[in-house]
Amino acid sequence: RDLIGNGTVAGIVQHDDHDTKLAAQGGVGYQFGSLWGVEGFVQGGKSLSYENGSEYKTRALGVRGTVGQDIGSAARVLGKLGVARVTHSGDTPSAYQTRPTVGLGMLFNLNKNLALRGDFDHYVKKSGGSGPSWKALNYVGVGVQYSFMP
């Protein structure tokens, strides 16, 4: 879900606009012991259409640190903090911003190497100049995670 703020047009204040589309996320990570980890990730999806007539593809490429805690033998919760380059391409030349990211995740182990994973990632808004300004970007996902640990 991506949110854009529209600046004043002909002296009329515009409203915030958003769109939600199916997206995918892929990544790699490394776990330092049982508590700390680091992940690199890429996200992208279908074009988003806004009421102001613009259409953009949103992509993110980033890195984040994780801190997690096991809940019993089969589940784990984790917090995420990082930075991502968020790119909007479409009707106008591509624009990008480096944004801080925060998130939460949960893993449920199916076996020693395979787990179901749920994620919520929030890309903090960055103020823009006049005209359209990109606001909050949120990603909610469910997927699988494979561990190469023996």
Side-chain angles (χ1 to χ4, degrees), residues 1-6 16-129 131-150:
R1 180 178 183 137
D2 205 0
L3 178 69
I4 186 172
N6 298 298
D16 289 343
D17 191 8
H18 61 84
D19 195 12
T20 303
K21 291 289 186 200
L22 185 64
Q25 174 176 274
V28 296
Y30 185 79
Q31 191 67 34
F32 301 97
S34 64
L35 189 61
W36 301 100
V38 64
E39 298 177 337
F41 63 94
V42 61
Q43 292 176 350
K46 296 183 173 192
S47 293
L48 298 134
S49 300
Y50 300 94
E51 290 177 11
N52 68 3
S54 58
E55 188 169 307
Y56 293 93
K57 275 196 164 200
T58 303
R59 294 181 312 274
L61 175 66
V63 63
R64 58 187 165 220
T66 64
V67 59
Q69 178 66 46
D70 291 337
I71 301 174
S73 61
R76 179 175 181 80
V77 294
L78 54 108
K80 304 180 278 183
L81 181 64
V83 64
R85 178 180 169 144
V86 178
T87 304
H88 293 92
S89 58
D91 293 346
T92 59
S94 293
Y96 70 89
Q97 289 183 322
T98 301
R99 296 185 182 191
T101 68
V102 295
L104 297 171
M106 183 159 193
L107 296 156
F108 181 76
N109 297 322
L110 300 174
N111 60 38
K112 185 176 178 181
N113 298 98
L114 195 62
L116 290 176
R117 179 170 171 157
D119 287 290
F120 170 76
D121 297 313
H122 176 74
Y123 297 78
V124 180
K125 86 173 191 173
K126 300 255 318 221
S127 298
S133 61
W134 295 102
K135 304 225 178 217
L137 171 64
N138 293 312
Y139 173 83
V140 177
V142 176
V144 293
Q145 177 174 305
Y146 185 82
S147 172
F148 292 96
M149 298 299 287

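Fair warning: this is a prediction, and the values are worked out from it, not measured in the lab.
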Do [X] and [Y] have side chains that get closer than 4.5 Å, going by heavy atoms?
X: S147; Y: K112; result: no
X: K57; Y: T87; result: no
X: L104; Y: L78; result: no

Quick one: salt bridge (Lys or Arg N to Asp or Glu O under 4.0 Å) pairs with a partner in residues 31-40, sequence neighbours left out?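 For residues 31-40, and leaving out neighbouring residues, the salt bridge (Lys or Arg N to Asp or Glu O under 4.0 Å) pairs sorted by first residue read E39-R64, E39-R117.
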Set of residues satisfying side chain to side chain contact (heavy atoms under 4.5 Å, CB included) with respect to [X], sequence neighbours excluded:
X: A23; answer: Y139
X: L110; answer: F108, L114, L116
X: K21; answer: D19, K46, L48
X: V42; answer: L61

According to side chain to side chain donor-acceptor pair (under 3.5 Å), who are the partners of Q69, at least two apart in sequence or on a separate chain? none
What pairs with R76 under salt bridge (charged side-chain N to carboxylate O under 4.0 Å, His left out), at least two apart in sequence or on another chain?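 Scan of R76 (salt bridge (charged side-chain N to carboxylate O under 4.0 Å, His left out), adjacent residues dropped) gives D70.
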Using the salt bridge (charged side-chain N to carboxylate O under 4.0 Å, His left out) criterion, which residues pair with R85? Sequence neighbours excluded.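 With sequence neighbours excluded, R85 shows a salt bridge (charged side-chain N to carboxylate O under 4.0 Å, His left out) to no residue whatsoever.
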When the side chains of residues 29-38 are checked against the rest of the protein, which donor-acceptor pairs come out under 3.5 Å, sequence neighbours left out?
unit_1 : atom_1 : unit_2 : atom_2 : d
Q31    : NE2    : G33    : O      : 3.4
Q31    : NE2    : W36    : O      : 2.9

Could you tell me the separation between the CG atom of D121 and the CG atom of N138, rounded to the nearest 0.5 Å?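 Here the rounded value is 9.0 Å.
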